[in-house]
Every structure is written in C-alpha cells, then in structure tokens.
Amino acid sequence: MKNQKVKYIFVSGGVCSSLGKGISTASLGLLLEGHGYKISIIKMDPYINIDPGTMSPFQHGEVYVTEDGAETDLDLGYYERFTEANLSRKNSVSTGQIYNTVIQRERRGDYLGRTVQVIPHITNEIKKRIFDVATDDMLDFVLVEIGGTVGDIESVPFLESIRQIRQELGHSRVMNIHLTLIPTISVAGEQKTKPTQHSVKELMELGIYPDMLLCRTATNLSDEMKSKIALFCNVTEQNVISALDINGSIYEIPYMLHLNRFDEIVLKHFGLEITPLKLPRWDKFIKAIRNPRKKVTIGVVGKYTTLQDAYRSLYEALVHGAAANEAEIEIVRIESDKILSGKNINVRSVLKDVDGILVPGGFGDRGIDGKIEAIRYARKEKIPFFGICLGLHCAVIEFGRNVCGLEDANSTEFNPTAGHPVISLLEEQEIIFDKGGTMRLGAFRCDFNEGSYIRKIYNSAFAMERHRHRFEFTMKYRDTYLNNGMVFGGIHAETELVETIELHDHPWFIATQFHPEFKSRPTAPHPLFRDFIKASIEYGSKKR
Ligand code: GLN
C-alpha cells in the first residue's frame with residue numbers, strides 16, 4: 001500500500017561529482033526533522049555492482065553497513081549520522097540490484113512472453129523501490145538522492161523514473177532539487193553560471209524541471225547572479241540558493257543551508273507552515289565543537305589513510321567522541337606500511353606525538369606488520385589502544401607472538417598455513433567461494449562479561465553492534481590467551497564467538513570484532529569512542 005500523504009524530494013547533481021550531494025541531502029533530512037517531520041532517505045547508485053561490498057576502498061571509499069547487514073554507499077552513513085532515520089537495505093538501491101531483480105523475474109517467466117525493456121520494466125522496478133520505503137505510514141517525507149552527475153549515461157533510468165513520479169503525483173507531492181556548481185575563474189575573479197545552465201538544460205531534456213537550485217560556490221551568490229541563473233534555468237529567483245564551501249566542520253553545513261532558507265523553500269513548495277527550527281541535541285553538539293577546551297591527537301594506523309573517505313565513519317566517530325569530551329581532535333593518519341616490523345626506533349618516531357592509537361578494519365595482508373608493530377608499541381608503552389575488526393585480529397596476533405610465545409601466530413587471511421592460526425574462518429565458511437555478500441554482516445548481539453571494562457563503558461550488559469568480516473578468533477586458543485592475561489570482555493552468546501578483547505594491566509587496551517563507528521552519531525556519541533578519547537586525553541596530559 002502506498003502511503004497517500006508522503007512527499008518526495010529528489011536530489012540530483014550537476015556539473016561534476018563531489019559537490020556534497022550526500023551531505024546536502026542529509027542536512028535537509030535533519031532540517032525537516034527540526035520542523036517536526038519524520039523522514040527517510042534513499043540513495044540510488046547508478047553502478048552495476050549489486051552493492052559496494054566487493055569494491056576496493058580506492059574506488060569507492062568506505063562501505064557503510066546498516067543494522068540489517070546491507071553493504072551500502074557511505075552516504076547512508078551521513079544520513080544516519082545527521083538524522084534520526086533508521087535505514088536498512090531498502091534505502092540503498094543500485095542499477096545492479098534493479099537489473100538483477102528484473103532479470104530473475106524474466107527467467108521465471110513472469111513477463112509472459114513480452115519484451116523486457118528499460119521503460120517500463122526497469123523504471124517500474126526503480127519506482128517500486130522508492131514506493132516501498134514510503135509504505136511506512138509514519139513518514140512525511142522520502143528524500144531520494146540520485147547518485148552520479150546529470151548527463152551520465154548510467155543515471156538516465158533513475159531520472160526517467162523520478163520524472164514519471166512527478167507526473168503521477170504532481171507538484172504538491174514531489175519536489176526536484178538540483179545541486180550544481182558555480183565555479184569562480186580565479187584570474188578574472190568571476191563566478192560563472194554556464195556549467196549550471198548546461199546541466200539544467202540536460203535535466204530539462206529528460207523532462208525534469210528543478211524547483212530549486214542549490215549552487216555550490218566559494219562565496220555567496222549576489223542577487224544579480226541569482227536572477228541571471230533563475231532566468232536561464234527557469235527557476236524562481238528565490239529558489240536559487242548558495243551552498244557555500246565550508247572551512248570548518250561538515251556539521252556546520254545544515255545551519256549554513258538553513259540561513260540560506262533551504263528548509264523554508266522546501267516547506268513553502270509543499271504549502272506547509274514555516275515553523276521555527278528546533279534541534280536542541282544538534283545545537284548542543286555544535287556548541288561543543290565550536291568551543292573545545294582541550295586537545296587530543298589520535299593516530300590512525302591503517303592502509304587507506306591517504307584516501308579521504310575509506311575510514312569516513314571512523315573519523316566521524318572520533319570527532320563525536322572528542323566533542324563529548326569537550327576536546328578538539330587532530331587525527332594523524334599513518335600508513336602502516338611506513339612502520340617496519342621490529343624496528344622499535346621507527347615506530348616510536350612515527351607515533352611519538354599521539355595520545356592514542358587506533359587500528360581500524362581492513363582486508364588483505366598489505367601493511368599488517370606495521371599495524372602489529374604499532375599495537376606492540378601501544379601495549380608496551382601503555383598508550384591507549386583501540387582496535388576495530390582487523391585491528392582486533394592484529395592485536396590477537398601480536399599478543400600471541402609476543403606474550404603467549406606462539407611465534408608464528410597469524411591469521412589464515414594472511415598466511416593460510418600458519419603454525420598457530422589464532423584468527424581463522426569459521427568452519428562452515430571454509431567452503432564459501434563467492435566473495436559477494438558472504439560475510440558476517442550487520443547487527444549481532446554482544447553480551448558483556450561481569451568485571452569487564454567494556455561493560456562499564458557501555459553501562460550495559462549487552463549491545464547490538466554491526467559486523468563486516470569473515471575471520472574470527474580461533475576458539476582452541478582461548479585458554480592460552482586467558483592464562484596469559486587477555487580478557488574476553490564481550491561474547492556472542494549463541495556461538496560463543498569472541499566479540500571484544502581487553503587487557504587489564506593497561507590503562508585502555510580494547511579491540512572489537514564489530515564496527516562501533518557505524519552507530520556513532522553527533523547527538524549520541526558512541527560510548528567506546530567517548531571513553532577512548534577520554535583515556536587518550538588523560539594519557540596526553542600526563543605525557544606533557
Ligand atoms: N579482513 C578481516 C575479515 O574479513 C577483517 C575485516 C574488517 O576489518 N572489516 O575478517
């Protein structure tokens with residue numbers, strides 16, 4: 001059943017990528033919530049992969065995991081961090097999924113001899129996915145971000161689908177927002193509208209008439225510029241607004257857009273009352289990041305540290321944790337390749353200025369030695385250490401080799417014939433050959449043992465946390481590790497799998513098999529990140 005009142009807002013992007021469509025869409029979601037509405041957000045990705053699960057971080061950035069275990073685009077991370085929306089696999093749609101469904105239907109014979117075509121079969125499936133999210137009766141708005149740039153061949157079926165939805169439901173239930181770029185030519189110091197004109201022209205050729213243009217620009221658009229853009233693009237002048245480049249935090253963007261009347265224009269479009277914006281929890285967070293009283297430096301020892309987005313949720317969770325401690329955070333990204341195994345001097349020189357060390361998740365054996373070396377250093381020097389997923393694997397290997405005397409302790413991911421495979425695949429997974437969607441994915445319950453530090457940090461006996469991995473701690477080594485002082489703080493009760501480890505002769509040494517960063521929000525910082533930053537601040541203040 002279609003929800004008869006829900007309104008749809010489609011956000012497309014023009015001129016080029018990386019203009020901040022995801023953050024703008026997430027910001028609009030937050031602003032609408034601030035006016036008392038309930039929203040959901042869908043990301044439509046034009047690639048033919050079913051999901052980004054099999055894509056390299058060099059190609060795609062982070063793979064964001066939802067509670068129900070979907071491997072999705074990192075924009076879903078922004079949506080969840082900015083808004084209250086609970087997202088699931090329904091909120092992440094790719095061309096690959098659409099075609100997969102239609103082709104399966106064709107093989108089953110569901111089309112009864114008809115020719116299967118982009119219009120109507122592919123577009124109907126796209127529309128169905130959008131309407132499926134809207135079945136929740138509580139929803140007031142469904143925001144749909146169309147990935148890619150208008151003019152790309154791949155996004156045409158998505159744009160055709162939203163054209164049809166506007167045609168079916170009309171102006172009063174559908175709004176089209178187009179995010180575009182107004183570049184400034186530096187020598188002339190002039191803002192240029194031509195790329196925007198061309199982009200809107202392309203949209204119009206597809207039958208889509210934008211109701212609002214959100215213009216990414218270095219300086220606010222003058223009234224004269226706005227009227228020029230309005231004239232050429234067939235949009236009312238009031239509905240051409242600036243999306244300014246921001247120097248500071250991305251969390252400043254919603255208010256910047258609010259000041260430019262982003263939410264007001266949307267409410268007006270739908271004939272809704274312009275109510276005052278109320279975001280008390282967001283305001284508290286903004287106040288904290290604007291007025292830090294302390295400083296903390298965290299070293300992230302990973303292997304995709306040169307990329308902006310490969311550890312996006314992790315960096316954001318660190319920012320939330322710092323804000324919860326009224327601290328400004330400096331994140332030092334360290335390529336683990338640079339830390340050479342066994343060379344104590346080198347690891348010290350690389351990590352000497354950090355107050356805490358975090359080893360994040362990852363795949364494959366490149367850079368593993370450097371991570372293990374960084375963990376050894378953190379353990380010995382009693383520097384706060386936080387390991388996530390692969391970070392837990394590395395911590396287990398390090399402890400096995402250097403404390404338990406298991407010299408060739410390793411993960412079978414890095415050495416399938418390791419003498420001591422302290423991290424390995426679950427038995428039943430050893431026969432899995434497909435790489436797509438074969439991991440332990442999504443939320444599982446973790447029970448915290450009495451007396452564990454982690455139970456105190458969560459202030460709870462259990463938590464639901466999100467996973468994305470294939471390898472696990474190997475149970476037969478449990479007693480060896482216990483006898484040498486490792487504490488298994490969190491366990492997945494049904495399978496007895498190790499979920500978290502900790503050391504008690506150390507101020508803060510915790511690693512988790514799950515990814516807590518996916519659940520941290522600015523308005524609800526994750527307890528592990530909050531506590532890790534707290535311990536790091538304490539360590540830093542003693543060091544100085
Ligand atoms: N590569 C490891 C595994 O598959 C860890 C994955 C991760 O860090 N997300 O188990």
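All residue numbers refer to positions in the sequence shown, counting from 1. Every number for a ligand or one of its atoms is a count from 1 in the order of the listing. Remember, it's a predicted structure, so these values are computed and weren't measured experimentally.
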**Q.** Closest protein heavy atom to atom 4 (O) of ligand 1, given as residue, atom name and distance to 0.1 Å
**A.** Arg470 N, 3.0 Å

Q) For atom 7 (C) of ligand 1, which protein heavy atom lies nearest, and how many Å away is it? A) Cys389 SG, 2.9 Å

Q: Return the residue, atom name and 0.1 Å-rounded distance of the protein heavy atom closest to atom 9 (N) of ligand 1.
A: Arg468 O, 2.8 Å

Q: List the atom of Arg530, the atom of Asn325, and the distance in Å for their closest heavy-atom pair.
A: O-ND2, 2.9 Å

Q: Would you check if Leu503 and Phe399 make a side-chain contact, meaning some heavy-atom pair closer than 4.5 Å?
A: yes

Q | N/O separation below 3.5 Å, His515 to ligand 1 | A | yes

Q | Option passing ring pair (Phe, Tyr, Trp, His ring centres under 6.0 Å) with Trp508 (candidates Phe386, Tyr453, Phe385) | A | Phe386

Q.
Under a 4.0 Å threshold between the charged nitrogen and the carboxylate oxygen, would Arg366 count as salt-bridged to Glu335?
A. yes

Q.
Quick test: of every protein heavy atom, which one is nearest to atom 5 (C) of ligand 1, and how far off is it to 0.1 Å?
A. Gly362 O, 3.3 Å

Q: Could you tell me whether Lys294 atom NZ has more than 12 heavy atoms of other residues or ligands within 6.0 Å of it?
A: yes

Q) Are Tyr458 and Glu465 side-chain neighbours, meaning at least one heavy-atom pair lies under 4.5 Å? A) yes

Q) Atoms of ligand 1 less than 4.0 Å from Gly361 heavy atoms? A) 8 (O)

Q. Val301 and Ser336: which non-hydrogen atoms are nearest, and at how many Å?
A. CG1-CB, 3.7 Å

Q) Can you tell me which residue and heavy atom of the protein come closest to atom 2 (C) of ligand 1, and the distance to 0.1 Å? A) Glu413 OE1, 3.2 Å

Q: May I ask whether Arg440 has any heavy atom positioned less than 4.0 angstrom from an atom of ligand 1?
A: no

Q) What is the nearest protein non-hydrogen atom to atom 10 (O) of ligand 1, stated with its residue, atom name and distance? A) Phe471 N, 2.7 Å

